[in-house]
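Structure first, commentary second.
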Amino acid sequence: MEKLFAGVGAYFLFVKRTFRKPQKWSLFPKQFFHEVNSLGLGSLPIITIISIFMGAVITIQTAYNIESPFIPLYAVGVAARDSIILEFSPTIISLILAGKVGSSIASEIGTMRVTEQIDALEVMGVNTETFLVLPKITAALFINPFLILISIFQGIIGGYVFGVLSGVVTTTEFVYGVQYAFHPFYVTYALIKTVFFAFVVTSVPAYFGYYTSGGALEVGSSSTKAVVSSSICILIINYILTQLLLS
Amino acid sequence: MIEVKNLCKSFDGRQVLDNVNVTFEKGKTNLVIGGSGSGKTVMVKCLVGLYPIDSGQIIYDGRDVSTMDDQEHRALRQEMGMVFQAGALFDSQTVEENVAFPLRMFSNAGPSEIADRVDFCLNRVNLPNAHNFFPSQLSGGMKKRVAIARAIALNPRYLFCDEPNSGLDPKTSIVIDNLIREITQEFEITTVINTHDMNSVLEIGDKILYLFKGQKWWEGTSEDLLKTDNPEVSNFVYASELFKRIRQSS
Ligand SMILES: Nc1ncnc2c1ncn2[C@@H]1O[C@H](COP(=O)(O)OP(=O)(O)OP(=O)(O)O)[C@@H](O)[C@H]1O
Ligand SMILES: [Mg+2]
């Protein structure tokens, strides 16, 4: 328990050192766009696959669960839309990113640590936390909201296509349902969550990578710890934000 | 000039450096020798500030590191170049980018100036055509040479080399030794080299410090070293058959 608190404290100090002014602003844009490309756009294929199938399954399951003749079938569209926007896209996709992006950040920075590349930067006088981590965090804060919007869109399309193909709902009902009683705030809520999660899936793995010591084995274990911890953080933050924003 | 006074360092209660006092002189190649595990790497990492020290003082040309704040320490580090025991090249960057890195980060030089400087440094280490290789495509000796090129890119006032020629063939080893010696004299650098290679010691050692179990055991020039009757030092120097024969024949 004591170790946990010490770790949390060290994490916040690490984050504080990350948010310093970059020593050379002119190098920042290139690093930033490199991270936008690798952390963000590089995740699009997996996000697309997951979103489409998630949307499909949610739609079909909702349709099978609505057996009562008093509930109109367009409710399938409403339910699918709301669960995709509120939970599935922001939370599930962020959990997937915690695995994909998190393990890559932790192992990249961890490898730099154990091969003394971080020491080499330190000896040159570089602020290593800022230099290595700030571009990753800011890139994710910038690009992840777009990824989640895309995922929401793909989820609904997936639900529509597979719902209609499997015959559980018709085009008219689904399209009517998707537009029925739409709360724009739900999208805002999803984006707020996304921003918090983006911060977690980059900064927590960076912390674990940065404080790796040892060799290849430890890089592997840092990367595992990073994924587990950031996933747990996402679930806890998700609970807190849901309480705060939707109640 | 770097003055080290009463330097102590321990890890988890195990004393690794024990009250080391030494002065590394400017324009000279200062060699730190000693067996494996004697504390050479730890000492050089303490000097550059990668390990916090337990007690003692490290003074760079009159500037005491222990009284510096973070900002001043970083500024001082920009005057240092370091070659790590394993090279520590940035493996996501090409050779050219590795050498250009300190220039891009800390100088206001334009692209063409940087390119010229990179060419100069790579020529200096005999790698005129390696610009576009990645570190994983280089041999061990080439990596060491790139690491040296990167360390000298910003014209450091202090150069630290941790075993710059371990794992190299005798010929390349001599080339690297002489390179370090030349730039040290040419640019009046204070150079500290860790080594356990007796060839380098005799070839380029201006001043030699022998570490034994974390203590300064012996200090002197390479001529003194061959004549010393200190048993530990003598054991170290005459460990190989070759040097024993040289002693017998002289
Ligand atoms: N980070 C560390 N944590 C704990 N102990 C360490 C650490 N680094 C070095 N040591 C210990 O300090 C002692 C000196 O190690 P050091 O690396 O300085 O040896 P060395 O003289 O450089 O040896 P070599 O010639 O093999 O490189 C060793 O006993 C080592 O176990
Ligand atoms: Mg060593």
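Since the structure is predicted, the reported quantities are computational estimates derived from the model, not experimental observations. Labels below follow one simple rule: chain letters A, B, ... track the order of the sequence lines, proteins then strands, and each chain is numbered from 1.
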side-chain contact (heavy atoms from CB on, under 4.5 Å) partner of B:Pro128, chosen from B:Leu122, B:Asn123, B:Asp119: B:Asn123
Most chain B-contacting option - heavy-atom pairs closer than 4.5 Å, from A:Thr115, A:Thr111, A:Leu121, A:Ile118: A:Leu121
Aromatic ring proximity B:Tyr51/B:Phe11, centre distance under 6.0 Å: yes
A:Lys16/A:Glu129 ion pair, N-O < 4.0 Å: no
Best-contacting candidate, B:Val83, B:Leu89, B:Asp70, against chain A by heavy atom pairs under 4.5 angstrom: B:Leu89
Distance flag, aromatic centroids of B:Phe24 and B:Tyr158, threshold under 6.0 Å: no
Selection from B:His73, B:Met80, B:Arg150 maximising heavy-atom pairs under 4.5 Å formed with chain A: B:Arg150
Heavy-atom contact with chain A under 4.5 Å, split by part of B:Phe101: side chain
Greatest number of heavy atom pairs closer than 4.5 Å to chain A - which of B:Met105, B:Gln78, B:Met82: B:Met105
More than 12 heavy atoms from other groups under 6.0 Å of NZ on B:Lys28: no
